[in-house]
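All remarks here apply to the structure that follows.
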Amino acid sequence: MVKYGLDYTRCRWILPLLLGIGVIFGIIALAGRGWLESQTLPYVQRASLWESCRRDAGGEWMCESLMSYAWGRAAAATYLVGFILLVICFALAIIAFAIDTLRFNFIRGIGGLLFVAAVFSIMGLVIYPVKFSTEIEMTGINMFSWAYGFGWTTAIMEICLGFFFCCLPNYEDQILGNVKPTYFYSSP
């Protein structure tokens, strides 16, 4: 990507595309019901970021909102703030890469905002399992499942893309083609 520059049509939209994938993963994590699930049959417990459900002996699911707990509200709020910051970064990246002349300080600001989003997301992802396992009685063998994994994937993408957005301005001359090529040829 640095070799051809960001004006190269196939490489220009890679960063906003990766941010869009991170937004999709964040939506899956927010809406998914698989933050915690029973590992073995019979499935007796499942939880999302918003509620915890337990199956009684009759086979009926009884759900309880996690928003009645202070830690549930804190986990949901911090992860949601991180997700909103990610969406803002996605919109800013589309604007930044749609402009013909790239504003590299603007791109570095997006990287800094991605690090802030990662901090909020990780706070929510750490609060949830620590307090869930201590405050709510779990029956059977349980595991943190696919939707929780999507949340961590989103946080990891925020960190990696934050580094990339912050380091990209260091290669401004190479990207814009302002550097003369160096030839390693010596005449005999």
Pairwise side-chain contact, L15 with L161, heavy-atom cut-off 4.5 Å (strictly under): yes

Short side-chain to backbone donor-acceptor contact, R73 and M67, under 3.5 Å: yes

Shared hydrophobic cluster, I27 / V81 (ILVMFWY, side-chain heavy atoms < 4.5 Å): yes

Evaluation steps, side chain to side chain contact (heavy atoms under 4.5 Å, CB included), between F132 and S52: CA-CA 9 Å; F132 191 98; S52 173; 3.7 Å; yes

S145 and Y148, any side-chain heavy atoms less than 4.5 Å apart: no

Cationic tip of R33 above W50 ring, under 6.0 Å, 45° of axis: no

Distance (rounded to the nearest 0.5 Å) between N142 CG and Q45 CD: 4.5 Å

R108 and F165, any side-chain heavy atoms less than 4.5 Å apart: no

Shared hydrophobic cluster for M143 and V130 (ILVMFWY, side-chain gaps under 4.5 Å): no

Ring centres under 6.0 angstrom apart (F115, F163): yes

Cluster check V116, V126: I/L/V/M/F/W/Y, side chain < 4.5 angstrom: yes

Geometric class of the W146/F150 ring pair [parallel <30°, tilted 30-60°, perpendicular >60°]: perpendicular

Side-chain donor-acceptor pair present, E64, Y69, cut-off under 3.5 Å: yes

Pair W35 + F144: ring centers closer than 6.0 Å: no

Same apolar cluster (I L V M F W Y, side chains within < 4.5 Å links), I156/V87: no

Exam field: side chain E158 to backbone A118, donor-acceptor pair closer than 3.5 Å: yes

